[in-house]
Amino acid sequence: MGEINWRDNWDSALEEAKKENRRILLELYMDGCPHCTHLHTETHVDPGVIQAVNSKFIPVRLDGRKNMDIVKKFNVTGAPTTLVFEADGKELQRFPGYYSPADYLKQLEKAD
């Protein structure tokens, strides 16, 4: 499986989600944020997390500082923040902060 197939553009991910009728997983992070780094280097490399994210979602990972329009649009106040959306862009769930692989998978299951 390798790694999560992150997209880096919200609009094209939304189009892809609509075409494939799949949910979107959006992670907003900031460079230099320790919790963001742990999430990316510990949780996102877990084989179970990789499999779940790639099979169930269109994953998007954006630097919040470089995407303030998205941060403001979804009223995100901290990093990292992970949001789950329906294929039409309607927010279903958000879970801010760092999660271990097991806890991250539990959060993803809540969106099912």
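These values consider heavy atoms only, across backbone and side chains, with no hydrogens, waters or symmetry-generated copies.
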hydrophobic_cluster_shared for Phe95 and Ile70, side chain cutoff 4.5 Å | no
Output the distance between atom OG (Ser100) and atom NZ (Lys106), rounded to the nearest 0.5 Å.
-> 7.5 Å
Residue pair Leu83 / Val76, side-chain heavy-atom distance below 4.5 Å | yes
Search all heavy atoms of Leu14 against all heavy atoms of Ala87 and return the closest pair with its distance.
-> CD1-O, 3.7 Å
Nearest atoms (heavy-atom pairs only) where Glu86 meets Leu92 | OE2-CD2, 3.5 Å
For the rings on Phe85 and Phe57, is their centre-to-centre separation under 6.0 Å?
-> no
Ser12 backbone acceptor or donor facing Asn9 side chain under 3.5 Å | yes
Hey, does Gln107 have a side-chain heavy atom less than 4.5 Å from the side chain of Lys110?
-> yes
Do side-chain atoms of Arg61 reach the backbone of Pro59 as a donor and acceptor pair under 3.5 angstrom?
-> no
Verify whether the ring centers belonging to Tyr29 and His35 lie closer than 6.0 Å.
-> no
Report the distance from atom CG of Leu26 to atom CZ of Arg94, rounding to the nearest 0.5 Å.
-> 9.5 Å
Geometric class of the His40/Trp6 ring pair [parallel <30°, tilted 30-60°, perpendicular >60°] | tilted
Connected via hydrophobic side-chain network under 4.5 Å: Val84 and Leu105 | yes
Hey, does Glu27 have a side-chain heavy atom less than 4.5 Å from the side chain of Leu39?
-> yes
Met30, Tyr98: one ILVMFWY side-chain cluster at the under-4.5 Å cut-off?
-> no
Within a strict 4.5 Å, meaning less than it, do heavy atoms of the Trp10 and Ile24 side chains meet?
-> yes
In short, Pro80 meets Cys33 closest at the heavy-atom pair CD-SG, 4.1 Å
Looking at side-chain heavy atoms only, is the closest gap between Arg22 and Lys56 below 4.5 Å?
-> no
For Thr43 and Tyr99, indicate whether the former's side chain and the latter's backbone hold a donor-acceptor pair under 3.5 Å.
-> yes
Counting N and O atoms only, with roles assigned by atom type, does the side chain of Asn54 sit under 3.5 Å from a partner on the main chain of Glu3, one being a donor and the other an acceptor?
-> yes
